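Heads up: the structure comes next, in structure tokens.
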Amino acid sequence: MAKLPVSPEKLTQSFGPHLAYEPPGGWRGRGEPEKLVKTHCCFCGQGCGIQLKVRDNRVIGFEPWEDFPFNRGKLCPKGVKRYMQDNHPDRLMAPMKRVEGTGFVPIEWEEAFETTVREIRRIQEAHGPNSVAVLSGVSLTNEKSYLMGKFARLGVKTAELDYNGRLCMVSAGAGNKKAFGVDRAAGAWTDIPLAEVVLCAGTNVAECAPITTDYIWRARDRGGKLIMVDPRVTPLARTCDLHLPVRPGTDSALFGAMLRVMIEENLVNREFIENYTSGWAETEAAALEMPLEEASRITGVKLEDIVRAARMWGEAKTSFLLHARGIEQHTKGTENVLSCINLVLATGRIGRPGCGYGTITGQGNGQGGREHGHKCDQLPGNRDIENPEHRAFIADVWGCDESEIPRKGHPAPVIMEMIHSGEIKALISICFNPLVSLPDSNFTREALERLEHYTAIDFFLNETAQHADIVMAGSLHEEEEGTVTSGEARVNRIRAAVTPPGNAKCDTDIILELARRFGQGKYFDHFKTSEDIFNELRVASRYSTVSYYGMTYERLEKELGIYWPCPDIGHPGTPRLFEDLKFPTNDGKAHFNPVRHRPSAEEPDEEFPIILTTGRVISQYLSGTQTRRIGGLVDQCPEPFVEIHPTLAQACGIKDKDWVYVESRRGQVTVQAKVVSTIRPDTVFIPYHWAGKKSANLLTIRAYDPTSAMPEFKKATVRIRKADHAELEQATKELVPRPDVQGKSAERSKI
């Protein structure tokens, strides 16, 4: 075993005695489990069921949960190993404070709470309530998402609240609400196998949502066709019927061209359009403006393939369209989403078996997290914070005066801009790692260094939390009761399998204690359990499009999840929306939205001629805070890389496995080349799960969708060359061994 980088005594003091004398991963606890706890995976938005094996208050393994209907026991590589983070030696076991010149030292909870409250009060007294921001995460349960919204607004009394779903689902949500009046998948995944055509746009299903692949394959087993839209030939695309290798940033031109073909060849459902939609005339006119030849040139997709895709989609009797971040993480992400929805509405294939539309949700509670009020513009029940009726309803639920609820704040990327400019001077965050996940990482680092006070709540010391003054040791997914909502809108029960180790606390207890110390206990003291919070959430969502009112913990467990809306206790839930062809919009109809292609924020030029796009790999998850600590997942993909087409590689003198210097106007990284024929020759791809000098977001641009405030992660411009000797030496020096072999992480070196 590798020699520990610090003394056992120091480890014991900082992280708890049971972690100092055993190999990482908690193997000492292996043996027959004392119990199996039915719960759900903490990664991505599919909501796969899993049974955790528990012994001596430790998760020691898992068993398949074959009765849970979504995944029937199947799990992806991340799901299989997700339990291994529970006993990791990096686990925060006590609150800490940062001491200049020393690093982080453990403290008592009293000091952590007292310091946080004192500093927040000092800053707000000097600079006003909105000088403090709260950033939340959608790995949190619905209960904690609801609690964070209420805490920020009534506890901290700030309008500056937002969440990391801002980097994931907001373009989809904005598009869905514009078109349908409600933000969720129109059908359950059980409709996918019944579809004659499945169209996947900007989604690497096999790596990012692997269990969804099974649903698509079942459609194909029945003779269904698969269309994949992506600049890369991702694993699922290697066997599809038609791959459209769209140039990043041109999705709306592609979908507009497909709609034009459908119009010209009479492949649209005129009866449905006339009776159940509005906005068609303007949308049709917009689609007919761009010649097909121009669309082919802009998108880089062959004209005959555009026509073929339009005919496959238009002629089908049943169909399902899925999209994800590939079309959403753009300055025109909402428009891309609307152009997809236009294809669905033009055929009238919605609200019936085998027909549907959905967004593949990226984060563990990406759906529920955007429903219950920790967005800057939202109150619980997906209500509008500026709507007087919505404000009055929530004020009544909360028992406060409507004037006590702050107005609309700013999105997370703008909050970071405001921190950088000095408008926001203090920050409280929970389960959010913006130093890795926001664009232009150098800018984010500068902003964090300018904070007067920062308290971070998390279970690992992530890269952003290293800038905190106070770090509060919070809880893992399986350490609290609660619920989460999957990408198909199924609300699932999360069961506590173990309690937080050492002197760590449940996130809920931390937030409730802070609220009391801010003098706002009257709004929070009635919460004794997570179920109490859920029951208030149910009431707060009542009469909204996102009603959970008819759900209870007992029902969710007995029925293995319930789809919202579920307005009453006797209601069975709603797996498929719009079966009555009525839509919760101002006119009761689905809305077409005209979309015209426009350039991205940054287009290739002579100085930076190559397009960069970013994304995931199957073994890593988001900012890597959890998965980069699991050795088996690190083995599968230990470092980021750059995918380059052979034509581009040859032009740049680069061979497979060469180290490559990639530079944008904002930063640079040095990574190894993967020379592959499965990417466009004008585009390179780098996965974004790594931090520091290996972060893909050193290169990305701070440009945002004007509707959703989504950053443009999927398109920036770069130049590349083979790394020189000094760059190669520096890059190889930064290679990090497996965390469970090395016995430490980069963060541990600060202890």
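Because the structure is a prediction, the values reported are computed rather than measured.
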Counting N and O atoms only, with roles assigned by atom type, does the side chain of [X] sit under 3.5 Å from a partner on the main chain of [Y], one being a donor and the other an acceptor?
X: R166; Y: P413; answer: no
X: H88; Y: I630; answer: no
X: N342; Y: N593; answer: yes
X: N336; Y: E328; answer: no
X: Q636; Y: I618; answer: no
X: Q363; Y: N164; answer: yes
X: T331; Y: A703; answer: no
X: H330; Y: G326; answer: yes
X: E727; Y: D724; answer: yes
X: D305; Y: L244; answer: no

Quiz item: Any cation-pi pair here, R702 with F443, using under 6.0 Å and within 45°?
Solution: yes

Quiz item: Within 45° of the axis and under 6.0 Å from the centre of the six-membered ring of F641, does NZ or CZ of K674 qualify?
Solution: yes

Exercise. Take Y688 and S437 through the side-chain hydrogen bond (donor to acceptor under 3.5 Å, both in side chains) test and state the conclusion after the steps.
Key: CA-CA 8 Å; Y688 60 72; S437 57; over 6 Å; no

Quiz prompt | Atom CD of E449: over 12 foreign heavy atoms under 6.0 Å | solution = yes

Using only heavy-atom distances, determine whether the side chains of [X] and [Y] contain a donor-acceptor pair under 3.5 Å.
X: T158; Y: E160; answer: no
X: Y704; Y: E417; answer: yes
X: S708; Y: S171; answer: yes
X: R450; Y: H420; answer: yes
X: N462; Y: T625; answer: no

Exercise. Using the salt bridge (Lys or Arg N to Asp or Glu O under 4.0 Å) rule, pick out the option among R370, K375, K178 that qualifies with D183.
Key: R370

Does the distance from a Lys or Arg side-chain N to an Asp or Glu carboxylate O, for [X] and [Y], drop under 4.0 Å?
X: K332; Y: E712; answer: no
X: K715; Y: E602; answer: no
X: E207; Y: R616; answer: no

Quiz prompt | Residue pair S695, E463: steps toward the side chain to side chain contact (heavy atoms under 4.5 Å, CB included) verdict | solution = CA-CA 11 Å; S695 175; E463 288 77 15; over 6 Å; no

Self-check item: Test side chain to side chain contact (heavy atoms under 4.5 Å, CB included) applied to Y661 and K722, step by step
Solution: CA-CA 6 Å; Y661 184 82; K722 189 174 179 178; over 6 Å; no

Quiz item: CG/L322 to SG/C200 distance, rounded to the nearest 0.5 angstrom?
Solution: 5.0 Å

Self-check item: Derivation and outcome, side chain to side chain contact (heavy atoms under 4.5 Å, CB included), residues I306 and S296
Solution: CA-CA 8 Å; I306 295 175; S296 176; 4.3 Å; yes

